[in-house]
Amino acid sequence: MGLEMNEEKKIATNTSSRAARNASKSKAQDPSAFSWFSLPQPIKRIFDRFPLIVYPPNVLPQRAPGRRSENILYIFQSDVPPSRDAPSFNPSCLKWQAYLKFHGIPLRTRPSNNHASPTGSLPFLLPASQEDQRPPSPVPANRLARWVVSQGGKEEAVHVRQDVYTALIDHNIRSAWLYYLYLDEHNFQAVAWPMYVASASSTWAVRTELARQLRNAARDELLKTSAMIDQQELYSKADEAFQALSTLLGEQKFFFGQTTPGLFDASLFAYTQIILDDDLDWRTLVLKTALQKYENLVHHRARLVRGFFSGRTPSVHSMDE
């Protein structure tokens, strides 16, 4: 009886296996089983012989050392050696570059791009490491303020209505900046093209596509808050923001009466420095002209350039303290 049951199981198993093989074979031969997501057989045979390998993303730039005796900040920056300590030409990078300098963090900057960043965007910091310690992880921009505090930096207090004034920078000025740099045809060709496009590739097709992506990204960002893009309105709101910030600063050296510059100073400096930079070949001067009306903001920018960025002379004749 037991032998018969074993035989029945064996027969059932063999029958099931043959049925599965036949069904699989039938499905493979059935034209109706074709999926638009499946590869044609000739191409599939090539990939069967040479299977695709998906490599993990680069965690760090290839030039990043395993052991580091100094902090290295990766930013958008010219790769010309004399400019290595110069302010970044990208507002997001310059904000944190200035902030680290304001807090006395010793660092070196390295020109890079978003593809080299662990988070997909710049800036990021590689902290210094000791010989007997494991190299620390990269610090992205959204954790830099916390990292500075961990290094003994002062934790900044939030002042009354600071969030309102921060919004003037992050929205009014930034929106006008996006149009000014990317959507104004003259400024894009004279400033954005050499900084972000020509430096990324020598291939014309790649440059053309990158330029298209940059301009579309700026346009999409502006359309998130408005049904249409009105350049006059953007510039008008930026002018109003400059006026409000000028009133807020008054005769103080730094915002909110601080004796040393802080994150808010760095946030505004990230735009005023680039807008007023005579090394950049601005062709349309709307934002530059608007900003130059407010002398205390111009002097604020000059003071920070002179105090924290060696080897650069700000283009301001009056350097009153």
Side-chain angles (χ1 to χ4, degrees), residues 76 86-103 156-182 184 187 191 231-321:
F76 284 108
S88 170
F89 53 71
N90 176 271
S92 297
C93 292
L94 181 52
K95 171 183 175 179
W96 294 107
Q97 181 188 9
Y99 179 76
L100 291 170
K101 284 178 171 289
F102 295 168
H103 282 269
E156 297 184 15
V158 178
H159 301 273
V160 177
R161 301 193 69 193
Q162 182 171 333
D163 55 339
V164 175
Y165 290 104
T166 299
L168 293 178
I169 300 173
D170 293 344
H171 297 288
N172 294 38
I173 296 176
R174 179 173 180 269
S175 294
W177 165 260
L178 289 176
Y179 188 92
Y180 190 64
L181 179 63
Y182 296 108
D184 181 283
N187 282 342
V191 181
Q231 69 177 74
Q232 295 303 325
E233 183 180 4
L234 291 172
Y235 290 146
S236 176
K237 287 185 176 180
D239 191 10
E240 292 173 1
F242 288 140
Q243 182 178 19
L245 293 168
S246 175
T247 301
L248 176 66
L249 180 62
E251 297 182 359
Q252 304 171 102
K253 290 184 179 180
F254 309 114
F255 283 94
F256 303 109
Q258 298 183 135
T259 56
T260 57
L263 185 58
F264 189 89
D265 296 89
S267 298
L268 179 61
F269 175 73
Y271 289 98
T272 58
Q273 156 55 26
I274 304 173
I275 293 171
L276 296 175
D277 192 346
D278 286 340
D279 290 342
L280 300 178
D281 188 21
W282 297 110
R283 301 298 176 86
T284 302
L285 303 176
V286 180
L287 277 186
K288 188 172 186 177
T289 302
L291 178 56
Q292 286 176 327
K293 293 188 302 183
Y294 306 102
E295 291 189 5
N296 60 345
L297 297 185
V298 175
H299 293 161
H300 176 266
R301 173 256 180 181
R303 188 177 298 117
L304 296 178
V305 171
R306 185 181 64 248
F308 297 95
F309 293 89
S310 61
R312 289 182 61 89
T313 302
S315 57
V316 178
H317 298 294
S318 176
M319 304 292 291
D320 295 341
E321 294 291 330

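Index from 1, following the sequence. Keep in mind it's a predicted model, so treat the numbers as computed, not measured.
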**Study point:** Given Lys253, His300, Arg303, the one that forms side-chain hydrogen bond (donor to acceptor under 3.5 Å, both in side chains) with Asp265
**Key:** His300
Point to revise | Closest heavy-atom pair and its distance - Arg161, Tyr165 | key: O-CD1, 3.2 Å
Check your understanding: Under 6.0 Å between the ring centres of Phe269 and Phe309?
Key -> yes
Practice item. Would you mind reporting whether Phe255 and Leu268 have side-chain heavy atoms less than 4.5 Å apart? Key: yes
Practice item. Check whether any side-chain N or O of Thr166 sits under 3.5 Å from a backbone N or O of Gln162 as a donor-acceptor pair, and report yes or no. Key: yes
**Study point:** Exceeds 12 heavy-atom contacts within 6.0 angstrom, atom CD of Gln252
**Key:** yes
Review point. Does Phe256 reach the side chain of Glu156, with side-chain heavy atoms less than 4.5 Å apart?
Key: no
Point to revise | Contact check, side chains of Gln273 and Leu304, non-hydrogen atoms, under 4.5 Å | key: no
Review point. Is the closest side-chain heavy-atom distance between Tyr235 and Tyr180 below 4.5 Å?
Key: yes
**Study point:** Min side-chain heavy-atom separation Ile169-Phe264 under 4.5 Å
**Key:** yes
Exercise for review: Could you tell me which non-hydrogen atom of Leu287 sits nearest to which non-hydrogen atom of Ala238, and how far apart they are?
Suggested key: CD2-CB, 3.8 Å
Exercise for review: Using a cut-off of 6.0 Å, state whether more than 12 heavy atoms not belonging to Lys237 lie near its atom NZ.
Suggested key: no
Point to revise | Atom of Leu291, atom of Leu276 and distance for their closest heavy-atom approach | key: CD2-CG, 3.6 Å
Revision key, fill the gap. When rounded to the nearest 0.5 Å, the distance separating CG of Leu234 from CZ of Arg174 is 12.0 Å
Revision key, fill the gap. Output for pair (Tyr294 OH, Leu245 CG), nearest 0.5 Å, gives 10.0 Å
Point to revise | Inter-residue atom distance His299.NE2 - Arg306.CZ, 0.5 Å rounding | key: 10.0 Å
**Study point:** Test item: Glu240 side-chain N/O and Leu168 main-chain N/O as donor-acceptor pair under 3.5 Å
**Key:** no
Check your understanding: Under 3.5 Å, is there a donor-acceptor pair between the side chain of Asn296 and the main chain of Ser246?
Key -> yes
**Study point:** Side chain proximity check, Leu181 to Ile274, heavy atoms < 4.5 angstrom
**Key:** no
Revision key, fill the gap. Tightest non-hydrogen contact, residues Ser92 and Trp96, listed as O-CD1, 3.3 Å
Review point. Under a 4.5 Å cut-off applied to non-hydrogen side-chain atoms, are Leu263 and Phe102 in contact?
Key: no
Point to revise | Carboxylate-amine/guanidinium contact Asp184 Arg283, below 4.0 Å | key: no
**Study point:** Chi angles and distances behind the side chain to side chain contact (heavy atoms under 4.5 Å, CB included) call for Asn187, Trp282
**Key:** CA-CA 6 Å; Asn187 282 342; Trp282 297 110; 3.5 Å; yes
Practice item. Would you check if Phe242 and Asn172 make a side-chain contact, meaning some heavy-atom pair closer than 4.5 Å? Key: no
Review point. How long is the gap from CG on Asp278 to NZ on Lys288, to the nearest 0.5 Å?
Key: 4.0 Å
Practice item. Would you give the length of the straight line joining atom CZ of Phe308 to atom NE2 of His103, rounded to the nearest 0.5 angstrom? Key: 9.5 Å
